[in-house]
Amino acid sequence: MLSINDLPNEILEMIISHLTPYKDLDSCEQICQRWADLVKRKHLRKILRFQQAFKEGNLCWRSWNPGGAWTPVERYSHSATVYKNVMYIFGGASKLLDRFHNDLWALDLSTRTWQKCNSSRHQPYPAPKKDATMVAHENRLIIFGGIRRNWESFHELYVFNLLEKVWSCPTKTLPQPPQMNGHTATVHGRFMVVFGGVTRSNLFSLYFNDVWTLDLDNFTWKCQETSINRPSRRFDHHQVRIDDENLLIIGGCSEIFERECLDVWLLTITSPVWTWREIQMRNRHCGPYSMQHLNNSTCVFDKKLIFLEHTKIDPEIFICDLSHVLDPIDPFAEWLKIPEEWRSLGAPSDVGFRNCSLVLGNAEFICFGGIHNDLPSNYLHFINAPFRSVK
C-alpha cells in the first residue's frame, strides 16, 4: 500500500504549498530530511515571490475579521511584535472610551485567531499605558516605559514569560532610565538598546538623547557612553536594527517647539564608546509628509523601511532604502519614488494608519489598529503577494 512518502517531490511540494507558512510548515519540517528540504524550498519560493511582488507593487491587501468575542478592543499607540509564528500586542489607548489598556493579546498567524494572554491576578502586572516599547527575546516579551491616562510617563520594566504565561517585574537597580515614552528599543545580542524619548507630567516635559542598555540575562541597566556628536533630543522617531553591531535612528520630533526631525543617524556599538555618525537622507521629497510618529506604522523588510501614512485623501505607503547605510565611504539612506498606481496598495479606505502597528510576518506585513476618522479601530489587515502571479 502506497503512503504519502511514496509520492514524487513535485506532488508533495504542491501539497505543502497549501499549508499555512507558520506552524504547519514547522511541523512538516520535523518529519524527515526530505520533508525539511521541501519546506525550505517552499519558504524560499514564498519569500522570493513576496520580494518580487513588493518590487513590482503587485501586493494584495486583505482585511481579516476573525469573528467571535475574543478580539482586542479598538486601540492605537499600542506595542506589537512577532515571535515564533505569533503576533503579540500590548496596551494602547481607546479614544472613544477615553481609557488606556494593559491587556496582552496573541494572534496565531497560522489560524488567524486571537487569544488573550491571561495570568494570575496575584502577580505583578503592567499599568494601563500607551507608547511603551515591546521586544521579544528567548521566549520572553520585555515591555518598558509608556505613558498613562494622566499624561505621566513610566520607567516600568515588565517581562512576560511566553512558556509559563506569567508576568514578572525585575528588581529595580541603579542606575536606571528616567520615566519616558516615545522612545525606541531594539535587541542586539543579549542587550536591549533604548534611545531617546520624553518624560511628561502635568507641569513639564523633558526630552532625551541618551542611549541605555538593558542586559537581558540579569536585567541591569547601563547608561552607555557615546561620541559627543550625536542626534538631538527627540521622541516618536524610528529605530532600525541593522545587525548586532549597528542601528539607525530616523526622524522623530525634537525638543525645540516639538519640531520635526529630518535627520538619520547610524550608531555603531562595537567599541567601549559607541560612535554616532550622521547619514545623508536622499530624495526627501519622495518621503512621507511628516517624519514624526515613525515608531508606530513602520517595519523593515529586505533592507527597506516601510512606512504607512494616512493622508486626508488616501492611505499611502513610503519606502526608504537602507541598503547603503553601512557603506564605508558614502553611506546614505534614500526614499524611493513610488509609482502612483500602487502607492496605496489597494488599501481599504477605512484603514486607520495613524498610530497603528505594522509588523513583518512570514512574507507578509500585518497591520492592526490605529485611528480612522478620529476614532480608534481594531481592524486587522494582511499585505502579501497575490495567490497567483499577475502578469
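In what follows, every heavy atom counts, from backbone to side chain, and hydrogens, waters and symmetry copies are set aside. Note that the coordinates shown come from a computational prediction; the quantities given were computed from them, not determined experimentally.
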Worksheet entry | F208: partners by ring-ring contact (aromatic ring centres under 6.0 Å, His included), with sequence neighbours left out | none

Worksheet item: Should F307 and C320 count as side-chain neighbours, where that means a heavy-atom distance under 4.5 Å?
Response: no

Item to complete: Establish whether F154 and I89 are linked, either directly or via other cluster members, by ILVMFWY side-chain heavy-atom contacts under 4.5 Å.
Response: no

Worksheet, complete the sentence: Minimal heavy-atom distance between F368 and P72, with the atoms involved, is CZ-CB, 3.9 Å

Practice prompt. With the side chain counted from C-beta on, respond yes when K130 and I147 share a heavy-atom pair under 4.5 Å apart, and no when they do not.
Written response: yes

Worksheet item: Just by distance, do the side chain of D327 and the backbone of I329 share a donor-acceptor pair under 3.5 Å?
Response: no

Response to the item:
Nearest heavy-atom contact between F160 and C117 is CZ-CB, 3.9 Å

Item to complete: Take L141 and F90, measure what side-chain contact (heavy atoms from CB on, under 4.5 Å) needs, and give me the verdict at the end.
Response: CA-CA 10 Å; L141 301 176; F90 168 81; over 6 Å; no

Worksheet item: Any luck finding a side-chain donor-acceptor pair between S227 and N229 under 3.5 Å?
Response: no

Worksheet entry | Exam field: side chain E138 to backbone L216, donor-acceptor pair closer than 3.5 Å | no

Item to complete: Not counting sequence neighbours, which residues clear ring-ring contact (aromatic ring centres under 6.0 Å, His included) with F144? List them please.
Response: H183, W221

Worksheet item: Does the Y76 side chain pair with the main chain of A93, one donor and one acceptor, at a distance under 3.5 Å?
Response: no

Worksheet entry | Distance, nearest 0.5 Å, that separates CG of L214 from CG of L157 | 5.5 Å

Worksheet item: Do P178 and W212 touch side chain to side chain, with heavy atoms closer than 4.5 Å?
Response: yes

Worksheet entry | Sequence neighbours excluded - salt bridge (charged side-chain N to carboxylate O under 4.0 Å, His left out) pairs with any residue from residues 271-284 | E260-R284, R282-D330

Worksheet item: Below 4.5 Å, heavy atoms only, C-beta onward: do F365 and W61 meet side chain to side chain?
Response: no

Worksheet item: R234 and C253: side-chain contact (heavy atoms from CB on, under 4.5 Å), yes or no, with the steps?
Response: CA-CA 5 Å; R234 68 188 63 198; C253 193; 5.9 Å; no

Discussion item. Given 3.5 Å as the limit, does a donor-acceptor pair link the side chain of H324 with the main chain of A333, or not?
Written reply: no

Discussion item. According to a hydrophobic-cluster definition based on side-chain heavy atoms being under 4.5 Å apart (Ile, Leu, Val, Met, Phe, Trp, Tyr only), do I383 and I306 belong together?
Written reply: yes

Worksheet item: Should K303 and D321 count as an ion pair when the cut-off is N to O under 4.0 Å?
Response: no

Item to complete: Take H188 and L267 through the test side-chain contact (heavy atoms from CB on, under 4.5 Å) and record every step on the way to the result.
Response: CA-CA 12 Å; H188 300 260; L267 179 62; over 6 Å; no

Item to complete: Not counting sequence neighbours, which residues clear side-chain contact (heavy atoms from CB on, under 4.5 Å) with V159? List them please.
Response: R140, I142, S168, P170, F219

Fill in: Cation-pi geometry met for R230 and F195 (6.0 Å, 45°)
no

Worksheet item: Looking at OG of S254 and CG of N209, how far apart are the two atoms once the value is rounded to the nearest 0.5 Å?
Response: 11.5 Å

Worksheet entry | With sequence neighbours excluded, residues passing ring-ring contact (aromatic ring centres under 6.0 Å, His included) with H137 | none

Discussion item. I'd like to check N139 versus K84 (side-chain heavy atoms, cut-off strictly below 4.5 Å). Are they in contact?
Written reply: yes

Item to complete: Please determine which of I249, L266, T268 meets the side chain to side chain contact (heavy atoms under 4.5 Å, CB included) test together with W276.
Response: I249

Worksheet item: Is the number of heavy atoms from other residues, nucleotides or ligands under 6.0 Å of Q280 CD greater than 12?
Response: yes

Discussion item. Could you see if Y83 belongs to whatever hydrophobic cluster contains F191? Use Ile, Leu, Val, Met, Phe, Trp, Tyr and a side-chain cutoff under 4.5 Å.
Written reply: no

Discussion item. Working to the nearest 0.5 angstrom, can you tell me the gap between C261 SG and F235 CZ?
Written reply: 9.0 Å

Response to the item:
In this structure, CD of E245 is separated from CD1 of I269 (nearest 0.5 Å) by 7.5 Å

Discussion item. I'd like to know if the side chain of R241 reaches the main chain of V187, judged simply by a donor and an acceptor atom lying under 3.5 Å from each other, with no hydrogens or angles considered.
Written reply: yes

Worksheet item: Does some side-chain heavy atom of Q115 sit less than 4.5 Å from a side-chain heavy atom of D108?
Response: no

Worksheet, complete the sentence: Heavy-atom closest pair (N355 atom, S297 atom, distance to 0.1 Å) is N-OG, 3.9 Å

Worksheet item: Distance only, no hydrogens: is a donor on one side chain within 3.5 Å (strictly under) of an acceptor on the other, for T213 and Q224?
Response: no

Worksheet entry | Heavy-atom side-chain proximity of I366 to L380 below 4.5 angstrom | yes

Worksheet entry | Expected output: side-chain N283 to main-chain C286 donor-acceptor under 3.5 Å | no

Discussion item. Please enumerate all residues that pass salt bridge (Lys or Arg N to Asp or Glu O under 4.0 Å) together with K129, with sequence neighbours excluded.
Written reply: E156

Discussion item. Against V82, only a single residue in N362, L107, V359 fulfils side chain to side chain contact (heavy atoms under 4.5 Å, CB included); can you say which?
Written reply: V359

Item to complete: Could you check L305 against T298 for side-chain contact (heavy atoms from CB on, under 4.5 Å), going step by step and ending with a plain yes or no?
Response: CA-CA 7 Å; L305 176 72; T298 55; 3.9 Å; yes

Worksheet item: Can you tell if the side chain of V300 reaches within under 4.5 Å of the side chain of L360, non-hydrogen atoms only?
Response: no

Item to complete: Provide the closest heavy-atom pair for W114 versus W70 in the form atom of the first, atom of the second, distance.
Response: CB-O, 3.2 Å

Worksheet item: Where do L104 and Y88 come nearest, in terms of heavy atoms and distance?
Response: CD1-CB, 4.4 Å

Item to complete: Nearest 0.5 Å please: distance from the CH2 atom of W274 over to the CG atom of L247.
Response: 7.5 Å

Worksheet item: Between S153 and N181, does any side-chain donor sit less than 3.5 Å from a side-chain acceptor?
Response: yes

Worksheet item: Is the backbone of H238 close enough, under 3.5 Å, to the side chain of T184 for a donor and an acceptor to pair up by distance?
Response: no

Practice prompt. For the pair R75 (side chain) and G91 (backbone), establish whether a donor and an acceptor sit closer than 3.5 Å, ignoring hydrogens and angles.
Written response: yes

Discussion item. Looking at every heavy atom in both N102 and P126, which two are closest together, and how far apart are they?
Written reply: ND2-O, 2.9 Å

Worksheet entry | In one Ile/Leu/Val/Met/Phe/Trp/Tyr side-chain cluster, 4.5 Å: I250, F318 | yes

Worksheet item: Can Q239 and T186 be said to form a side-chain hydrogen bond (donor to acceptor under 3.5 Å, both in side chains), step by step?
Response: CA-CA 7 Å; Q239 182 168 322; T186 48; 2.7 Å; yes

Practice prompt. Assess the side chains of D215 and T220: does a donor N or O sit below 3.5 Å from an acceptor N or O?
Written response: no

Discussion item. Distance check, rounded to the nearest 0.5 Å: C299 atom SG versus L358 atom CG?
Written reply: 4.0 Å

Discussion item. Membership question, hydrophobic clusters at under 4.5 Å side-chain separation (ILVMFWY): are M87 and W105 in the same one?
Written reply: yes

